[in-house]
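So the structure is just underneath, and the comments pick up after that.
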Amino acid sequence: MPTLHHLALTTADHAKADPFYDAVLTLLGYQRGHTSEQLCTWSGPGPEILLYAVEGDDASPHTHGRPGWQHAAFEVADRDTVEAVHRAVVEGGWTVVHAPTEYPDYAPGYYATFVADPDGVRWEIAHIPTPVG
């Protein structure tokens with residue numbers, strides 16, 4: 001069965017983005033791996049996360065709703081993890097798109113927060129006790 005091996009993203013500023021990913025991904029069971037000026041990686045229970053330095057002159061942030069990435073979601077074991085990620089993002093001064101809340105239209109008990117990294121890339125952290133679909 002095919003699985004998602006890694007997600008490769010680009011940042012305009014590793015000094016701003018790396019602390020965001022360290023804070024959020026550590027709470028999700030990831031550990032920082034390779035670290036250089038061009039690339040940082042995190043390995044964990046899901047796909048490896050690769051964060052590359054921007055190439056070229058266009059370092060404008062990602063704009064939600066334009067073609068391309070919409071968001072990615074991590075499913076977590078409990079609401080406490082959703083809350084912990086939300087707290088870490090707030091404490092880090094990063095962007096909370098949607099505070100933790102229930103989404104009963106998605107599935108019974110679906111509880112999630114949506115956050116954005118310093119480049120505008122959105123992530124959902126969701127506890128889904130009832131299978132969707």
Side-chain angles (χ1 to χ4, degrees):
M1 172 190 307
T3 59
L4 186 60
H5 180 266
H6 64 270
L7 294 171
L9 306 161
T10 303
T11 183
D13 187 344
H14 269 290
K16 292 180 181 177
D18 294 355
F20 170 88
Y21 284 99
D22 283 337
V24 171
L25 294 175
T26 296
L27 291 168
L28 302 178
Y30 281 74
Q31 293 183 323
R32 171 99 68 113
H34 176 84
T35 301
S36 71
E37 290 182 13
Q38 294 301 313
L39 172 68
C40 288
T41 66
W42 290 264
S43 297
E48 182 179 25
I49 307 296
L50 294 81
L51 189 62
Y52 288 93
V54 69
E55 297 176 14
D57 297 331
D58 185 0
S60 58
H62 176 75
T63 303
H64 185 76
R66 291 185 59 207
W69 184 288
Q70 211 276 350
H71 76 275
F74 284 101
E75 183 177 357
V76 297
D78 52 50
R79 287 175 170 238
D80 289 344
T81 304
V82 173
E83 296 286 343
V85 168
H86 176 257
R87 274 192 309 277
V89 170
V90 169
E91 290 169 4
W94 300 299
T95 302
V96 174
V97 178
H98 300 292
T101 192
E102 286 197 20
Y103 292 89
D105 291 346
Y106 294 176
Y110 197 114
Y111 186 73
T113 188
F114 290 79
V115 300
D117 78 2
D119 294 293
V121 175
R122 287 191 185 188
W123 295 91
E124 175 184 0
I125 312 302
H127 171 60
I128 312 167
T130 306
V132 178

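Using modelled atom types, no side-chain atom of Asp117 and backbone atom of Arg122 make a donor-acceptor pair closer than 3.5 Å. Not one N or O on the side chain of Thr113 forms a donor-acceptor pair closer than 3.5 Å with the backbone of Ala126. Between the Thr63 side chain and the Arg66 main chain, no donor and acceptor come within less than 3.5 Å of each other. A donor-acceptor pair under 3.5 Å links the side-chain atoms of Ser36 to the main chain of Gln38, judged by distance alone.
Between Trp123 and Phe114 the shortest side-chain heavy-atom distance does not fall below 4.5 Å. Taking the side chain as every heavy atom from C-beta outward, Ile125 and Leu28 approach each other to under 4.5 Å. A heavy-atom distance below 4.5 Å is not found between the side chains of Trp94 and Val115. Residues Phe74 and Glu124 are not in side-chain contact: their nearest non-hydrogen atoms beyond the backbone lie 4.5 Å or more apart. Residues Val89 and Glu91 form no side-chain contact, since every pair of their non-hydrogen atoms from C-beta on lies 4.5 Å or further apart. The shortest side-chain heavy-atom distance between Glu55 and Thr10 does not fall under the 4.5 Å cut-off. Put simply, the side chain of Pro47 does not reach to within 4.5 Å of the side chain of His5, judged on heavy atoms. Using a 4.5 Å heavy-atom threshold, the side chains of Thr11 and Val54 count as separate.
Taking the six-membered ring for Trp and thresholds of 30 and 60 degrees, Tyr106 and Tyr110 have ring planes more than 60 degrees apart, a perpendicular arrangement.
Hydrophobic clustering places Leu9 together with Tyr30 (ILVMFWY residues linked when any side-chain heavy atoms are closer than 4.5 Å, directly or through intermediates). Both Tyr111 and Val96 are part of a single hydrophobic cluster, where members link through side-chain heavy atoms under 4.5 Å apart. Both Val76 and Val90 belong to a single network of hydrophobic side chains, linked directly or stepwise wherever heavy atoms of I, L, V, M, F, W or Y lie under 4.5 Å apart. One hydrophobic cluster holds both Trp69 and Leu25 under the rule that ILVMFWY side chains link at heavy-atom gaps under 4.5 Å.
Taking each heavy atom of His14 and Leu51 in turn, the nearest pair found is CE1-O, 3.0 Å. Contact record, Ala59 with Ala12: O-CB, 3.7 Å, taken as the closest heavy-atom pair. Annotation for Thr41 and Leu50: closest pair CG2-CG, 4.1 Å, computed over non-hydrogen atoms. Considering all non-hydrogen atoms of both residues, Leu4 and Leu7 come closest at CD2-CD2, 3.7 Å. Looking at every heavy atom in both residues, Ala17 comes nearest to Asp119 through CB-OD2, 4.1 Å. Annotation for Gly109 and Arg79: closest pair O-NH2, 4.2 Å, computed over non-hydrogen atoms.
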Test log, rule side-chain hydrogen bond (donor to acceptor under 3.5 Å, both in side chains), inputs Glu75 and His127
CA-CA 6 Å; Glu75 183 177 357; His127 171 60; over 6 Å; no

Evaluate Arg32 against Cys40 for side chain to side chain contact (heavy atoms under 4.5 Å, CB included), listing each step before the verdict.
CA-CA 7 Å; Arg32 171 99 68 113; Cys40 288; 3.6 Å; yes

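Rounding to the nearest 0.5 Å places CG of Leu27 at 8.5 Å from CZ of Arg87.
Taking a 6.0 Å sphere around CD of Glu37, one finds it holds 12 or fewer heavy atoms contributed by other residues, nucleotides or ligands. A 6.0 Å sphere centred on CD of Glu102 holds more than 12 heavy atoms belonging to other residues, nucleotides or ligands.
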